[in-house]
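Structure first, commentary second.
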Amino acid sequence: MTSSFWAYFYDPVLRAPMLGSMLMCVSASLVGVLVFLRKQSLIGETLSHASYPGVVVGVIVIGLMFGDLTGSQYSGPAMLCGAFLFALLGVRILRFLEKKLKVYPDAALCFVLSFFFGFGILLSSEIQISLSNLYRQVQTYFYGQAATLTDLHISLYGFLVLLIGSLLYLFRKEFKTWLFDPKFAKVSGINIPLLETIFLLLVTASIVIGIRSVGVVLMSAMLIAPAAAARQCTHRLRRMFFLAATFGMISAALGTYLANEISWWLINKYPGTRMTLPTGPMIVLMSSLICIGALLFAPDRGLLIRFFRVIHFKSTCLQENLLKTLWRFGPSSLPSLKEHLLVSTPFLYWVAFRLKRKGWVVKKGLNYELTDQGGVYARQIIRLHRLWELYLSDYVGIGPKRVHASAEEMEHILTPELERELTEILSDPIFDPHHQPIPPKEG
Amino acid sequence: MSPYFDQTFFSFFQVLGTRLWLFLSGQLPLNQLAADEIQLLVLSSVGISAALVGSFLILRKMTMLANSISHTILLGIVIAYLLGSTVSEMHEGHLNLPLLLTAAVIVGLVTALTTEALTKIVKLQEDASTGLVFSSFFALGIVLVNLFTRNAHIGAEVVMGNADALSPDDIQLSFVILILNLFFIIFLFKEWKITTFDPAFAKALGFFPQGFNYLLMALVSITVVGAFRAVGVLMVLTFITAPALIARLFCHRLSMLLFFASLIAALASIVGVALSRHLLSTWGLALSTGGVIVTLLGCTYFVAAFIKLFSQRQRIPREFT
């Protein structure tokens, strides 16, 4: 049975898993922003693993109280409580190791993670036989299983998400100050220990909510990936929260949809096997894809964008240098130009082609020649170069022999406003420190 | 019938001693190893390997990279099985040793390099790039396992480990890994020491500290791959951290640290196997052996830490008097 993507939002059976995982990912992404900006992304990894024995303990308590079969309807809240308590215990032990035993945070995180997880495995191996029905529920917390969520879960998780959201909203000013300037926060009388406690409670709560659909093993990714993607796209905290929540929601929706569809496809293709693809890995993969996309293509900080900016700047510099060389030596061929410029041959040809397209140079036979327009531009660059040299030697007091290198860089960067300022300071000079004429301002 | 059936904690060692004597005097052939003995051998050699690399990881403050590798190694395991054999063999324990180790090393190095590239080239903060790399690799690994083996349990088994499913092949694997670890650590001991404690000095002397980081990553990868069937990729992190942390409470020399960490790991493995047998015999609790050892190691650490804290607290007044 495959359904259209939108059916997942209104169909009574399908909508609970979908909305449930979206809510979970929203809370994780919101808290993830705090964690990311605190540079403590890995605490989520430790706490999610530390909550695993809590899930098992919750199940054991329920199993002892109600028995294996009848207990399964009460197990949800019990597992939530257990997970919450054990994650908090994990935080306490983490702090104890770091403060009292002076263990390096890295090692402490790793130790608490694996010790708690191992203890959880120990407990769960015990209930594997004695409480086999409940054990199956515990297993779904490994990689997350959204399929068995019900409307009741949704209202519970919705309430928790509201709680997290309102806490974040209430303490928005305090959090902002604390995140960006902890010292100032302390001086202005913000209760830092309280804030830290709230922070840890929020992290724990979002993890405990999330492990149901993403699973303990991969939960930490939902704290990191949406926040990292959001950070790439904006410089403002509020927008970062909104973006992270949106990214989290999108990855939850896509992940749940794909996990479900692939499971159906597998069941149809291999009827004998009784398997379902867990939702956790799919959601995490989707959020990682979004994050990689943001890392590469984000408008301001994306890797490719930055790369293109560097290439563009280099090409502008070379164009200007080429114009300058042509202005100085008159019409010349590309091989002879190459002797004056430090550049690879293909790049030089490309830049010459660009200049021809712009109408700044024309090709006559083998030689390139400046057009009138190109001449104006070349003189402007020479003017900037010599203005800067004069400024350095007359105004800053650097020896005339040492000013050329700096001017060679600044001629590409100086803006018209700076040029005006320089002209004013140097009272519209005619000669540079090397007694070369400075071309007058044109146009 | 296992000779250890229904033995308690102490009689376990009696049986072990008798069988060891029989083996040494040539009355017991090697291929008649009991399941408990296989566990004992695999777990203690895995434990020693992990303690050795773990000591360096902790001293170099790179423990979270081990966490990354323990997650991403799943991808390596999946790829090795897809390349090396038909997937159905995964249950039968046919290990293609060189392929598995190569895949592990490659994945380990790829993890380290990707994390570094994200930090240095993409300019993502370090904690986030670590988390992003291992979680996405791991998610990919889980999806691949599910798609190609069509068995949801393997994913859980890789994480939980199953000491009861070990075969004599695993002894071979874990011994090879232990020997590789010992070889690299003993023969490059001086270099390890200097690059760990003073990388700048090491660089000035003409060593290549970064190269030793990558070598350590490779050793961590093969150690994790050797451990995943016995204790799972996450519990091996306790094997890596706990012995070194315990030993560090009392040791101040690198050689002593390495020795005692290995000793603690080996002892914990032996006691853990005996203990899980004891619990099964007397109380009928079939516990995960890996879980028992991890809990044992963790509790040992806490006890040792409290002893240390307590002895420090007593010493302070004496300094004032």
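FYI, side chains are in, hydrogens and waters are out, and symmetry mates aren't considered; it's all heavy atoms of this structure. Chain A is the first sequence line, chain B the second, and so forth, proteins listed ahead of strands; every chain is numbered from 1.
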To the nearest 0.5 Å, tell me how far [X] [atom1] sits from [Y] [atom2].
{"X": "B/Leu287", "Y": "A/Ile121", "atom1": "CG", "atom2": "CD1", "answer": "12.0 Å"}
{"X": "B/Thr295", "Y": "A/Phe119", "atom1": "OG1", "atom2": "CZ", "answer": "6.0 Å"}
{"X": "B/Thr63", "Y": "A/Leu113", "atom1": "OG1", "atom2": "CG", "answer": "11.5 Å"}
{"X": "B/Asn67", "Y": "A/Glu45", "atom1": "CG", "atom2": "CD", "answer": "4.5 Å"}

**Study point:** Verdict with supporting geometry, B/Ile121 and A/Leu303, side-chain contact (heavy atoms from CB on, under 4.5 Å)
**Key:** CA-CA 8 Å; B/Ile121 301 172; A/Leu303 181 67; 3.7 Å; yes

Review point. Does B/Asp127 use its side chain to pair, donor to acceptor, with the backbone of A/Leu42 at less than 3.5 Å?
Key: no

Review point. With distance as the sole test, does A/Ser125 use its side chain to make a donor-acceptor pair with the main-chain N or O of B/Ser288 at under 3.5 Å?
Key: yes

What part of [X] gets within 4.5 angstrom of chain A, counting heavy atoms only: side chain, backbone, both, or neither?
{"X": "B/Leu297", "answer": "neither"}
{"X": "B/Leu124", "answer": "side chain"}
{"X": "B/Phe306", "answer": "side chain"}
{"X": "B/Ile58", "answer": "side chain"}
{"X": "B/Phe239", "answer": "neither"}

Review point. Below 4.5 Å, heavy atoms only, C-beta onward: do A/Leu295 and B/Leu132 meet side chain to side chain?
Key: yes

Please report the shortest heavy-atom distance between [X] and [Y], naming the atom on each side.
{"X": "A/Gly118", "Y": "B/Val294", "value": "CA-CG1, 3.7 Å"}
{"X": "B/Ala139", "Y": "A/Val284", "value": "CB-CG1, 3.8 Å"}
{"X": "A/Ser288", "Y": "B/Ser136", "value": "OG-CB, 3.1 Å"}
{"X": "A/Cys110", "Y": "B/Leu237", "value": "SG-CD2, 3.8 Å"}

With only heavy atoms counted, which part of [X] is less than 4.5 Å from chain B, the side chain, the backbone, both or neither?
{"X": "A/Leu223", "result": "neither"}
{"X": "A/Ile292", "result": "neither"}
{"X": "A/Ile262", "result": "side chain"}
{"X": "A/Ile93", "result": "side chain"}
{"X": "A/Phe111", "result": "both"}
{"X": "A/Ile224", "result": "side chain"}
{"X": "A/Val112", "result": "neither"}
{"X": "A/Glu126", "result": "both"}

Study note, to complete from the structure: Among B/Ser135, B/Cys299, B/Gly232, the residue with the most heavy-atom pairs under 4.5 Å to chain A is B/Ser135

Review point. Counting a contact as any heavy-atom pair under 4.5 Å apart, which residues of residues 240-251 of chain B contact chain A?
Key: B/Thr241, B/Ala242, B/Leu245

Review point. Are B/Tyr301 and A/Phe96 close enough that their ring centers fall under 6.0 Å?
Key: no

Check your understanding: For A/Phe307, does the CZ atom sit with more than 12 other heavy atoms under 6.0 Å from it, leaving out its own atoms?
Key -> no

Point to revise | Interface residues of residues 46-57 of chain A facing chain B - heavy atom cut-off under 4.5 Å | key: A/Thr46, A/His49

**Study point:** Test side-chain contact (heavy atoms from CB on, under 4.5 Å) applied to B/Gln125 and A/Arg231, step by step
**Key:** CA-CA 11 Å; B/Gln125 63 196 41; A/Arg231 178 69 190 90; over 6 Å; no

